[in-house]
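These numbers come from a predicted model, not from an experiment. Residues: numbered from 1 along the sequence shown. Both ligands and their constituent atoms are indexed starting at 1 by order of listing.
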Amino acid sequence: MALSEASGGVLAEPVTAPVDLPPFDNSAMDGYAVLATDVAAASETSPVSLSVVGDIAAGDQGAYGIAPGLCARIMTGAPLPGGADAIVPVEWTDGGTAKVTIRRAATPGHYIRRAGEDVTAGQTVLPTGTRLGAAQIGMLAAVGRARVLVRPRPRVAVLSTGSELVEPGRPVGPGQIWDSNSFALTAAVTEAGGVGFRQGTVGDDPREVLTTIEEQLAHADLIITSGGVSMGARDVVKEVLSGLGTMRFEKVAMRPGKPQGFGLLDDRVPVFTLPGNPVSAYVSFQVFVRPALRALQGLPPAPPRTVRARLSVPITSPEGLRHYLRAELSTDDDGDYRVVPAEAQGSHQVFALASSNALIVLPEDVTELHAGDTVDVLELP
Ligand SMILES: Nc1nc2c(c(=O)[nH]1)N[C@H]1C(S)=C(S)[C@@H](COP(=O)(O)OP(=O)(O)OC[C@H]3O[C@@H](n4cnc5c(N)ncnc54)[C@H](O)[C@@H]3O)O[C@H]1N2
Ligand code: MOO
Ligand SMILES: [Mg+2]
């Protein structure tokens, strides 16, 4: 695909450099290309004067040769002229254009960026399986690649279940709410390197739910549903998927995100049935689905994105549950991490989630913490 579209993708080929980087010896500074021997004795008290043969700008071809007593004015990135073996920065000179006075000595190689000192021709610059972030995209462009092979991104079907749900943009009637999970989870899929296909909402009708999921099996690499997995009389997702494939429904010792379901359908397609409460669905995605999406892209497990931060206020936590609290992570005046838990921690309270940039992760055995205690904090993407 075109390099400009490859950001976030995973390389499906090793990329080697067709040329050296830098491709030619060039100047690291705006200054003068000289023979080091000419300026070896230059100092404030006994400056050296050289004749300037001309200017060499970045992009120029080597028109000049430097012989003893001569130099060229040169710009950063411009090719080193033949004969020259050192660059004197303009700050060490009087800046002259016909003649220049140099007040400091330079040794051979001074401020010269050598051909191949970054990358040598034939070197693998990025191996297969590399996730293409900004630096890697820049690397590919630097070796002249306009197109690159990337792995197909996992195709993820995202489905909200619930008869109360209405598509944003349509009017809500009594008892109804707008569907936010299918939008949030589709966006989360994109953030995690997948391609989300938002299937919108289906009502709490067993047949409708099953048919929609079965339709997605044909072309999805992963399916995410939200809602309908707890204890309610209308929690149909659990009802229709239990016993299918390897599906299992469990209560997980975490808050939020207690009711969860997972399994493979058709022996191939992982299905995550996330709880319906919007904060629960979002946190469950970060904890369970995000790592799965990495694995589907052939990436190794991500290093933990947690930092240690000092709590701003005391907090309590239920024993036996891993507790993910929405929070604002920042640095204090000393540059240390500080974390403020949101006041609203209900799993329906989307405002607190949208105002947070991190989750405090409290282990199962922690029940009480004081202001100033240090906690693990997971930075949100
Ligand atoms: N008796 C019990 N009741 C509940 C338990 C329990 O253990 N025993 N667990 C609670 C927990 S914890 C959670 S989490 C929820 C999970 O519920 P479901 O997965 O069955 O989800 P629903 O019942 O369909 O919806 C719950 C809640 O979330 C709202 N929702 C659902 N989908 C969306 C959406 N796409 N966009 C916005 N909001 C959505 C829905 O309207 C409900 O308010 O169960 C507890 N109950
Ligand atoms: O465990 Mo539920 O996910 O808090 O609302
Ligand atoms: Mg329910």
*Asks:* Quick check on the hydrophobic clustering: are Ile223 and Val236 connected, directly or via other members, by side-chain heavy-atom contacts under 4.5 Å?
*Replies:* yes
*Asks:* Anything with a heavy atom under 4.0 Å from ligand 2 counts, so go ahead and list those protein residues by chain and number.
*Replies:* Pro256, Gly257, Lys258, Pro259, Asn277, Ser280, Ser347
*Asks:* Cluster question for you: counting only ILVMFWY and a side-chain heavy-atom cut-off of under 4.5 Å, with indirect links fine, are Val279 and Phe288 together?
*Replies:* yes
*Asks:* Between the side chains of Arg113 and Asp25, is the shortest nitrogen-to-carboxylate-oxygen separation below 4.0 Å, so that they form an ion pair?
*Replies:*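 Salt bridge flag = no for Arg113 with Asp25.
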*Asks:* Counting only heavy atoms not in Arg268 (residues, nucleotides, ligands), do more than 12 fall under 6.0 Å from its CZ?
*Replies:*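 More than 12 heavy atoms, drawn from other residues, nucleotides or ligands, come within 6.0 Å of this atom.
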*Asks:* Test of understanding: clusters of I, L, V, M, F, W, Y form through side-chain heavy atoms closer than 4.5 Å, transitively. Do Leu378 and Leu325 belong to the same one?
*Replies:* no
*Asks:* Do the side chains of Ser27 and Met75 get nearer than 4.5 Å, heavy atoms only?
*Replies:*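 The answer is no, as the side chains (C-beta and beyond) never meet within the 4.5 Å cut-off.
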*Asks:* With clusters defined by side-chain heavy atoms of hydrophobic residues (ILVMFWY) lying less than 4.5 Å apart, directly or transitively, does Val289 cluster with Val158?
*Replies:* yes
*Asks:* Protein N/O near ligand 1 N/O, under 3.5 Å, which pairs?
*Replies:*
unit_1   : atom_1 : unit_2 : atom_2 : d
ligand 1 : 7 (O)  : Lys258 : NZ     : 2.8
ligand 1 : 9 (N)  : Ser230 : OG     : 3.1
ligand 1 : 19 (O) : Gly228 : N      : 3.4
ligand 1 : 19 (O) : Val229 : N      : 3.2
ligand 1 : 19 (O) : Gly276 : N      : 2.9
ligand 1 : 20 (O) : Gly228 : N      : 3.2
ligand 1 : 20 (O) : Val229 : N      : 3.0
ligand 1 : 20 (O) : Ser230 : N      : 3.0
ligand 1 : 20 (O) : Asp235 : OD1    : 3.0
ligand 1 : 20 (O) : Asp235 : OD2    : 3.1
ligand 1 : 21 (O) : Gly228 : N      : 3.2
ligand 1 : 21 (O) : Gly276 : N      : 3.3
ligand 1 : 23 (O) : Asp235 : OD1    : 3.3
ligand 1 : 24 (O) : Gly228 : N      : 3.1
ligand 1 : 28 (O) : Gly276 : O      : 3.3
ligand 1 : 28 (O) : Asn277 : N      : 3.2
ligand 1 : 28 (O) : Asn277 : OD1    : 3.3
ligand 1 : 30 (N) : Gly276 : O      : 3.3
ligand 1 : 35 (N) : Ser160 : OG     : 3.2
ligand 1 : 35 (N) : Asp179 : OD1    : 2.8
ligand 1 : 35 (N) : Asn181 : ND2    : 3.4
ligand 1 : 36 (N) : Ser180 : N      : 3.0
ligand 1 : 36 (N) : Asn181 : N      : 3.4
ligand 1 : 41 (O) : Glu164 : OE2    : 2.5
ligand 1 : 44 (O) : Ser230 : OG     : 3.3

*Asks:* Can you check whether Arg153 reaches Gln297 side chain to side chain, under 4.5 Å on heavy atoms?
*Replies:* no
*Asks:* State, with a plain yes or no, whether a side-chain heavy atom of Ser347 is found less than 4.5 Å away from one of Lys258.
*Replies:*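 Sidechains of Lys258 and Ser347: no contact.
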*Asks:* Is there a continuous path of hydrophobic side-chain contacts, each under 4.5 Å between heavy atoms, that joins Leu159 to Val156?
*Replies:*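 Unlinked, Leu159 and Val156 end up in two clusters.
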*Asks:* Find out whether Phe262 and Arg248 are in side-chain contact, i.e. whether some heavy atom of one side chain is under 4.5 Å from a heavy atom of the other.
*Replies:*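 Result no, sub-4.5 Å side-chain heavy-atom pair not found.
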*Asks:* Would you mind counting protein N, O or S atoms that sit less than 2.8 Å from the Mg ion (ligand 3)?
*Replies:* 2
*Asks:* Taking salt bridge (Lys or Arg N to Asp or Glu O under 4.0 Å) as the cut-off, I'd like each qualifying pair that reaches into residues 157-169, sequence neighbours left out, listed once.
*Replies:* Glu167-Arg198
*Asks:* Evaluate the side-chain proximity of Thr316 to Glu368: yes if any heavy-atom separation is below 4.5 Å, no if none is.
*Replies:*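 Yes, their side chains come closer than 4.5 Å.
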